[in-house]
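Because the structure is a prediction, the values reported are computed rather than measured.
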Protein chains: 2
Amino acid sequence: MKRNFDVNHFVEELSKNCAITEIKKFKKDEIITTYLIRRNQMFILLKGEAYLARYDSEGNRRIIYYLKKNDVFGEAFYKIHTNRELFVVAKKDCEVLMLPYETLENCNKDCMFHITLLKNLPDLILNRVADINYRTELLTNKSIKGKLLSYLNNLAIENNSKKFEIPISLSELADYLVVDRTAMMKQLKKLQDDKIISKNKNKITILKDDLLNEV
Amino acid sequence: MKRNFDVNHFVEELSKNCAITEIKKFKKDEIITTYLIRRNQMFILLKGEAYLARYDSEGNRRIIYYLKKNDVFGEAFYKIHTNRELFVVAKKDCEVLMLPYETLENCNKDCMFHITLLKNLPDLILNRVADINYRTELLTNKSIKGKLLSYLNNLAIENNSKKFEIPISLSELADYLVVDRTAMMKQLKKLQDDKIISKNKNKITILKDDLLNEV
DNA sequence: AAAAATCTGTTGTAAAAACAACAAAAACAA
DNA sequence: TTGTTTTTGTTGTTTTTACAACAGATTTTT
């Protein structure tokens, strides 16, 4: 069950074969799409980073999640359930593959691009599902400490090492874990005081064997 | 983009056509599957209710999420990221469609069951994704009040009415929102005192126009 | 029909987290 | 390189939440 498919590898096919699909570029902070006005499109992030966010009545931004290379997104993955819009915003300069939903299956039969895309779409979606599932599991921790330990434990496994770097800023991490940043800093400090981890900026070393026992 | 497919409608095809796939029954509290030992199976819940949970070293259960009729699940939707097992447990008596992953695409060509299944699998998965996305959005609320209001607001939209019933027990709701039940009860009481909602057991009436402005 | 289990509801207390207000360091842009 | 913005880091205060301990109502099981 390999799932290492990179969309960029076959995008060059696109320019040669497919007239329907297009790639659009977005500058930092530009709105890529919204989720309330139904656009019947699917999107794949080819380059850059983006996030899905909601804005409340006071203009506060709440980040639902971050999107990275190869992530699929679009309203197809969401049900309408509020009168407030969801925005996908470019966090850095982005390149986005725009896929009109209705043409997904009935493009030209010879279109190598669509053949390859359809073959790999399930895997792209499964990857996305795995990401969301993972975040959900993080968020089922009731305490900041629990969220942190789950997150760090996972990073250690991914890096196959007890020494690793947190790949996002600590501010972003606080957003991702849905906690106040300064409260998170206090917990990080406590983890150091208790000799469970050591830390220098974003560099972490895990000192205990089984982090999850510490929750 | 209709997504109302019900697996049960074509399950009778199964018994006539397909020798590979099987349906298993599970009694309440039985373990349907685990997610760490790779079984390379996908599952569809035909009847009953189940939940995905993790147990910590003290035996405390943490529910990652609930599964309902037509939900697809299995380790394909998850990445391995911890040394502690995930369990799918029957909450009520269940009927589960067991789909060995490798046979998904190469069953007998005449097998109407697999043809129909493959045609509808993407929609089943998208439904699942929508559910998880929705829950994630709920969990991005920092306060119990915010979680409650998002949840209730959604129910009002789904029911197309300001009067509706919470379809799960309040204990389950607290689990779902990842908050302490008694703390949630206090917030529910406060919402009543502030005349934002009225409530009798699980029956809710929303008294304000735009709940999300109250967060 | 009785017993057991689950669910709703309440209260007080302890613990945790959010919020606010800064300062220094680092990264980025003009 | 200088100014601007973002990020890391710390500390006190206030608010929120979890936890514990109940009791009555409801549902499920035997």
Quickly work out the [X] [atom1] to [N] [atom2] distance and round it to whole Å.
{"X": "Asp180(B)", "N": "dA17(C)", "atom1": "CG", "atom2": "C1'", "value": "14 Å"}
{"X": "Met185(A)", "N": "dA25(C)", "atom1": "CE", "atom2": "P", "value": "14 Å"}
{"X": "Lys91(A)", "N": "dT6(D)", "atom1": "NZ", "atom2": "C1'", "value": "12 Å"}
{"X": "Leu191(B)", "N": "dG9(C)", "atom1": "CG", "atom2": "P", "value": "13 Å"}
{"X": "Gln187(B)", "N": "dA18(D)", "atom1": "CD", "atom2": "C1'", "value": "13 Å"}
{"X": "Lys145(A)", "N": "dA15(C)", "atom1": "NZ", "atom2": "C1'", "value": "13 Å"}
{"X": "Glu165(A)", "N": "dT7(D)", "atom1": "CD", "atom2": "P", "value": "15 Å"}
{"X": "Lys203(B)", "N": "dG9(C)", "atom1": "NZ", "atom2": "P", "value": "11 Å"}

Check your understanding: Between Lys189(A) and Val178(B), which has a closest nucleotide on DNA chain D that is more 5'?
Key ->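 With Lys189(A) and Val178(B) compared, the 5'-side residue is Lys189(A).
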Practice item. Let me know, please, whether Asn202(A) or Ile144(B) comes out on the 5' side of the other along DNA chain D by nearest nucleotide. Key: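 The 5'-side residue here is Asn202(A).
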Check your understanding: Do Lys201(B) side-chain and dG24(D) base share a donor-acceptor contact under 3.5 Å?
Key ->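 Per atom types, no contact qualifies.
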Exercise for review: Measure distances between side-chain N and O atoms of Lys186(B) and base N and O atoms of dG12(C), and say whether any donor-acceptor pair falls under 3.5 Å.
Suggested key: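 Per atom types, the contact qualifies.
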Practice item. Kindly check if the number of other-residue, nucleotide or ligand heavy atoms within 6.0 Å of CG (Asn160(B)) is above 12? Key: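 12 or below, so no.
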Review point. Any idea which of dA21(D), dT8(C), dC19(C) is nearest the Lys142(B) side chain?
Key: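 Nearest listed nucleotide: dC19(C).
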Exercise for review: When you get a sec, tell me which of dT17(D), dT8(C), dT10(C) is the closest nucleotide to the side chain of Ser169(B)?
Suggested key: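 Of all the options, the side chain of Ser169(B) is nearest to dT8(C).
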**Study point:** Along DNA chain C (nearest heavy atom to each residue), the more 5'-positioned of Gln192(B) and Glu172(B)
**Key:**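 Of the two residues, Glu172(B) wins.
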Review point. For Ser171(B) and dT8(C), is the shortest distance between a side-chain N/O and OP1 or OP2 below 4.0 Å?
Key: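 Result: yes.
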Review point. How would you label the contact of Lys199(A) with the nucleic acid (heavy atoms, under 4.0 Å): base, sugar-phosphate, or nothing?
Key: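 Sugar-phosphate contact only.
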Review point. How would you label the contact of Lys190(A) with the nucleic acid (heavy atoms, under 4.0 Å): base, sugar-phosphate, or nothing?
Key: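 No contact at all - Lys190(A) keeps every heavy atom at 4.0 Å or more from the nucleic acid.
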**Study point:** Nucleotide forming a Watson-Crick or wobble pair with dT13(C), both distances under 3.5 Å
**Key:**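 With both distances under 3.5 Å, dT13(C) matches dA18(D).
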Exercise for review: Could you tell me how the ring of Tyr51(B) sits relative to the ring of Tyr66(B): parallel (under 30°), tilted (30 to 60°) or perpendicular (over 60°)?
Suggested key: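 Correct class here is perpendicular.
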Review point. Between Lys92(B) and Glu49(B), is the closest basic N to carboxylate O distance under 4.0 Å?
Key: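 Judged by the 4.0 Å cut-off on N to carboxylate O distance, Glu49(B) and Lys92(B) do form a salt bridge.
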**Study point:** Residues Lys91(A) and Asp29(A) bridged, charged N to O under 4.0 Å
**Key:**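 A salt bridge is absent here (no side-chain N lies under 4.0 Å from a carboxylate O).
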Exercise for review: Begin with the C-alpha distance, continue with both residues' side-chain angles, and end with the deciding distance and a verdict on side-chain contact (heavy atoms from CB on, under 4.5 Å) for Asp71(A) and Phe43(A).
Suggested key: CA-CA 8 Å; Asp71(A) 278 344; Phe43(A) 308 83; over 6 Å; no
